Structures are given as structure tokens and as C-alpha cells.
Amino acid sequence: MRLRDDWDFRGLVHQVTDETVLERLSVGGVTAYIGFDPTAASLHLGSLLQLCNLRRLQMAGNRPIALAGGGTGMIGDPSFKAVERPLLTLEQIEANVEGIREQLTRFLDFTPAAGPSQALLLNNASWLTTISLTDFLRDVGKHFTVNQMVAKDSVKSRLDRDDVGLSFTEFSYMLLQAYDFLRLNLDHECTLQLGGSDQWGNITMGTELIRKSAGRSAAGLTSPLLLRADGTKFGKSESGANIWLDAALTSPFEMHQYFLNTEDAMTPMLLRFFTFFDHDTILDLDEATKAAPQERRAQRALANAVVTLVHGEDAASKAERAGEALFQPSIAELDETTLLTIVADAPSSTFGREEFAAGIDGVDLVVRCTLAKSKAEARRFLEQGGVYVNNIRLEPDARVGLESTLHGRYVVVRRGRRDLHLVVVQ
RNA sequence: GGGUCGGUGCCCGAGCGGCCAAUGGGAUCUGGCUGUAAACCAGACGGCUUUGCCUACGGGGGUUCAAAUCCCUCCCGGCCCA
């Protein structure tokens, strides 16, 4: 399968600077890069598409470069951002880059075994923090006019607003990213930059700089922005939190559940973006959703594929089994080992046997399990019928005691559809 | 530095002396229907020792029986001028 046909099928291409890009990628031997912002110590689902794209590139015989934005992270990309962002400290950024490095290795082959398509991880701090201001203004700034910079869609909305402004610092960001591309082009023969469609403006600044200052040609390719059917941004949990790739921040179980709950309309797109299934498999799954949506075969395949990719096969099958058992009332009939496997990812807390024997008030139980932020909230959940003990709804004024324990010491407390907590009585 | 407009709960935004824990929208949460979806419907949405009390409308101070609302001052932001 040629990369070009594959990417067309999957709808991975939004814009390209020229039509030869996909052709060259299909042949192989191209060095291409994507930048990752070290705004946190872990990447989240927002970066998943770009990670997959780099992986696809490499599989087709090209060399991927993951560029950690240790230098640009100090400035902050204003593209399509509504407000100025707080600056991160150098120490924060360095720590974040370290965390991200680890995650990239799951997607890309950084070993010499990959030969000419061996992946590289670079940090733009190495050149951005050492170039002098005057050099930068002469060598980079001179090639652009403020007129064109102001006209960029990515900053236009900020300039048009009358309640917030755009600092010079953030405004300069696009020049830094352009310079990154130039450096990679000169030092690593990198001729292509990929990104989300919001990066188009920054990418073309780079290709322009390379043409003007080095007289070389370079290209850009953007992927569509991931939107949910209702137009909102993809990749946040129900509570608005990010779904992280770090298992310590988002358990494999949560991630699995997230994809399992994908609405039908989104599933075909996510299968194309985030899995490496062949086209027939994908078309079959599309068909399965139409024929028997309640079975959610496509969602299951998607969830398993993504969790396997990010956390490995073991974690994926564990997450799947946990989900199956969790929503059955038969939880009380599970043997101890199975039960513990299922709730392994859930947060847990320990209660003393004596206090538990006396019976715990429902409100206290929910608060101590951190399933509610306050007693008022806990009361609300109870009154609304949103608290379950061992999958059985807990009445508002009920107490929970030893008779509720499974195997003499476990109680599975659930808040709402899918917020779990394991109580261990000691 | 000068002028001017503004800073309200997660976000947007109304209120402009008491009827304000603060209209409305969004987000979120819980429930219902379903398929552990989507859409839709209903309810909730600062805290507590919960018919009451406490904390909150950028910070501090003041006027008043009473302030998110008036005054002073400081901080922060937008725009214009220098």
C-alpha cells in the first residue's frame, strides 16, 4: 500500500504546500518533522494524530524527527489561542521534555536498527537559547514583514479583539518556529514539516524562510483538526480533563473507556486516524456499526487498538475485561483475583475494620473515596441516585457496613456511569 | 507617563445601594430513554454542624442600618495619545 493512497483513504491530509509531497513520502527517504509543545510532562490525545502520522511516515521508509519545543515552549504558541498564556519556567520545560521523550519511544523506532529511517528526537532549546538577538533579527526577522505576520489567520482574531491583546513575545513565536524548520533543513536535510491545520501559518513561514535565506525548497503538510460531531474539541474526558498518554495520569482503563464510548458518527474517522488496520478491516467495521450499532464492534476494535499502541497488549486486554465485568451486577460473584484485576486501575482507599463495622454514612463514604469534592456534592449525588455500592444503587440515608464487603474486605463504590473507587477494609 | 474603558462564580456575560450565593447562555455532573453511544427530556451546579450560618463579585481601606453595586487607593488588562 502506497503511503499516498493510504493517507487519502484515511483523510489525513488537509493542506499541502505542493502536490509532490505525498508522492515523495510514498517513495521514502524523506526527513520530516513535527513539533511537540512541552507544556506538560505527558502528551495527551491531542497529540495522538501527529504521533501516528510520524509512525506512518517511518513505516513507509522515511525518517521522522520529533522536535521537542524546549525553546519555543518558553514563548508559547499563540495560534488560535484566545488569550495570552502564562510562561513556563525553564526547569518545568526541561522536566516536561524528559517525560515526553519516554512516550515517543512507543510510537517511533529510535534504534539504529531502523537504518536510514531511524527516528530522531531533538530539542529546539539547543539552538533557540543560544542564538543572539541581533543575529536572529538580521537572519530571520529580515525575511518577513510585519504586514504579512499581522495578516495570519492564527493571530488575526487576537488582534481584532478589544478585550485582550497579543504580546510581542507571543507574536514572535511564528518566527521561532520558522527558524526551527530552517535549522532542521540545514542540519538534518529535513524537507517537510507536518502539523495540525492550526499550524499552517507557522509551517509556511518556515518553508518561506528556507527558500529566502537558504535558497532551498521545503514543504508542509497539515492534517485536519479533530472535531467531535458537535463541533467541540476532541480528546477531553467528560469532565473536560485531558486524556493523557501517561498511565499514571490517565489509566489504561479510562482511556479504553473513552474510546469505547465514542459516538457512532465519530468512529469511522477515529479508526482511520488512530489505528493501523488495513482498509478492508476498517470498511468492515464501518459496516458493522451500521448493521448492528448496539454491538459497537468498531468502538471495541478502536479502543483495543489505541490502548495497545499506547500501553501495550496486556493493559488493553485488562482494560477490556474490566469494562465487561464492571457493568454487570454480577460483580459480587467474581472471585477475588478477578475482582482485583478489574479494579486494579481504580483509585483505592483503606478503612479501618472497626469503623467500618459500625457502618459508614453514605456521604462520608463518597467524600473519603474522593468521588465528591465536598459533602454538599456527595449529598447531591446520593439524592440524585448517582452512587452505587457493588453496582447496586445506594439510598441517600443508607449506611454501608461489613455486610457490603466482597470477600470480607472489598467494596466497589461507583459514582455515576464510570467513576470507580475501591474500598479496602483492614 | 497621560486619557479612557474594563476586571463578577469553570468559561462567556447580566446586575450597578437592600428583594443577590448573584438573571441568562455554554461547559460540567446526576438521572431517564438507549447501545457503558449520539440526540432528546428532567434535575443539579460555593461551602458547612443546612428552615440557619459562613465565604465569595481583582487586592486593601472607607461611607452606610445595609455594598458586587457609592468613595479612596493599589494591582492587572484593552484601546487611544505621548
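Atom set for the values below is all heavy atoms of this structure, side chains included, hydrogens, waters and symmetry mates excluded. Here the structure is a predicted model, which means the values were calculated and not measured. A, B, ... follow the sequence lines: proteins, then strands. Residue 1 opens every chain.
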Legend entry - Electrostatic pair A:Glu355:A:Arg368 at N-O distance under 4.0 angstrom: yes

Which donor-acceptor pairs under 3.5 Å do the side chains of residues 400-411 of chain A make with protein atoms, sequence neighbours left out?
| residue | atom | partner | partner atom | Å |
| --- | --- | --- | --- | --- |
| A:Glu403 | OE2 | A:Gly401 | N | 3.4 |
| A:Thr405 | OG1 | A:Leu402 | O | 2.6 |
| A:His407 | NE2 | A:Leu334 | O | 2.9 |
| A:His407 | NE2 | A:Glu336 | N | 3.4 |
| A:Arg409 | NH2 | A:Glu336 | OE2 | 3.1 |
| A:Tyr410 | OH | A:Glu336 | OE2 | 3.2 |

Legend entry - Pair listing, salt bridge (charged side-chain N to carboxylate O under 4.0 Å, His left out) test, anchored in residues 2-13 of chain A, at least two apart: A:Arg2-A:Glu23, A:Arg4-A:Glu19, A:Arg4-A:Glu23, A:Asp6-A:Arg10

Inset, instruction - Verify the distance criterion only: is there a donor paired with an acceptor across the side chains of A:Thr281 and A:Asp284 at less than 3.5 Å? - result: no

Inset, instruction - Look at A:Glu208 together with A:Lys212 and state whether they make a salt bridge at an N to O cut-off of under 4.0 Å. - result: yes

Legend entry - Pairing residues for A:Ser42 by the side chain to side chain donor-acceptor pair (under 3.5 Å) criterion, not counting sequence neighbours: A:Gln103

Inset, instruction - Any pair with a residue in residues 340-383 of chain A that passes ring-ring contact (aromatic ring centres under 6.0 Å, His included), sequence neighbours left out, goes on the list, sorted by first then second residue, please. - result: A:Phe351-A:Phe356

Please tabulate, one pair per line, each protein N/O and nucleotide N/O from nucleotides 46-50 of chain B that are separated by under 3.5 Å, including the distance.
| residue | atom | partner | partner atom | Å |
| --- | --- | --- | --- | --- |
| B:rG47 | OP1 | A:Ser374 | OG | 2.8 |
| B:rC48 | OP1 | A:Lys375 | N | 2.7 |
| B:rC48 | OP2 | A:Ala376 | N | 2.7 |
| B:rU49 | OP1 | A:Lys375 | NZ | 3.1 |
| B:rU49 | OP2 | A:Arg379 | NH2 | 3.3 |
| B:rU50 | O4 | A:Arg379 | NH1 | 2.2 |

Inset, instruction - Please report, rounded to the nearest Å, how far the P atom of B:rA39 is from the CG atom of A:Asn261. - result: 13 Å

Inset, instruction - Examine the base of B:rG43 for any acceptor or donor lying under 3.5 Å from a partner atom in the side chain of A:Gln384, and report the outcome as yes or no. - result: yes

Inset, instruction - For the side chain of A:Gln294, starting at C-beta, report the closest nucleotide among B:rU30, B:rG35, B:rU36. - result: B:rG35

Inset, instruction - Please list every stem that involves RNA chain B, where a stem is a run of 3 or more consecutive Watson-Crick or G-U wobble pairs with both pairing distances under 3.5 Å. - result: B:1-7 with B:75-81, B:10-12 with B:24-26, B:28-32 with B:40-44, B:46-48 with B:52-54, B:58-62 with B:70-74

Legend entry - Closest nucleotide among B:rG43, B:rG35, B:rG31 to the A:Gln299 side chain: B:rG35

